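A short worksheet on the structure shown next.
Keep in mind it's a predicted model, so treat the numbers as computed, not measured.
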Amino acid sequence: MKNLSDTLLTIVVLGGILLLSAFLTNLFTRKMYYRCAQCKNLNAKRRTHCRICGNQLVQ
């Protein structure tokens with residue numbers, strides 16, 4: 001029974017690490033990039049126009 005509880009604890013910890021890293025990556029992306037309304041491409045916040053389609057980015 002001890003082996004099963006250790007395995008479950010390991011799975012929970014690894015799942016928590018994966019969820020936390022996904023959340024932090026999403027948070028970073030939202031803070032650092034704009035998404036073009038036309039082509040949905042990510043563009044750095046310093047850009048005024050989309051690097052793919054040239055559409056003006058809404059800030």
What's the separation between atom [atom1] in [X] and atom [atom2] in [Y], rounded to the nearest 0.5 Å?
X     : Y     : atom1 : atom2 : result
Leu20 : Leu24 : CG    : CG    : 4.5 Å
Ile11 : Asp6  : CD1   : CG    : 11.0 Å
Cys36 : Gln56 : SG    : CD    : 11.0 Å

Could you work out, with side chain to side chain contact (heavy atoms under 4.5 Å, CB included) as the rule, every residue matching Val13, not counting sequence neighbours?
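Val13: side chain to side chain contact (heavy atoms under 4.5 Å, CB included) contacts with Leu9, Ile17.
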
Is the backbone of Arg35 close enough, under 3.5 Å, to the side chain of Lys40 for a donor and an acceptor to pair up by distance?
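No: the side chain of Lys40 does not pair with the backbone of Arg35.
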
Would you say Asn55's side chain and His49's backbone share a donor-acceptor pair under 3.5 angstrom?
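No; zero donor-acceptor contacts below 3.5 Å.
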
Apply side-chain contact (heavy atoms from CB on, under 4.5 Å) to the pair Asn41 and Arg51, showing each step before the final yes or no.
CA-CA 8 Å; Asn41 188 52; Arg51 62 188 175 96; 3.6 Å; yes

Taking all heavy atoms of Cys53 and all of Gln38, pick out the closest pair and write down the distance.
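Smallest heavy-atom distance, with atoms named: SG-OE1, 4.0 Å.
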
Cys50 versus Leu57, closest heavy-atom pair with distance
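Closest approach of Cys50 to Leu57, heavy atoms only: N-CG, 3.9 Å.
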
Connected hydrophobic set around Met32, excluding itself, where side chains approach under 4.5 Å:
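Noted: Met32 shares its cluster with Phe28, Tyr33, Leu42.
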
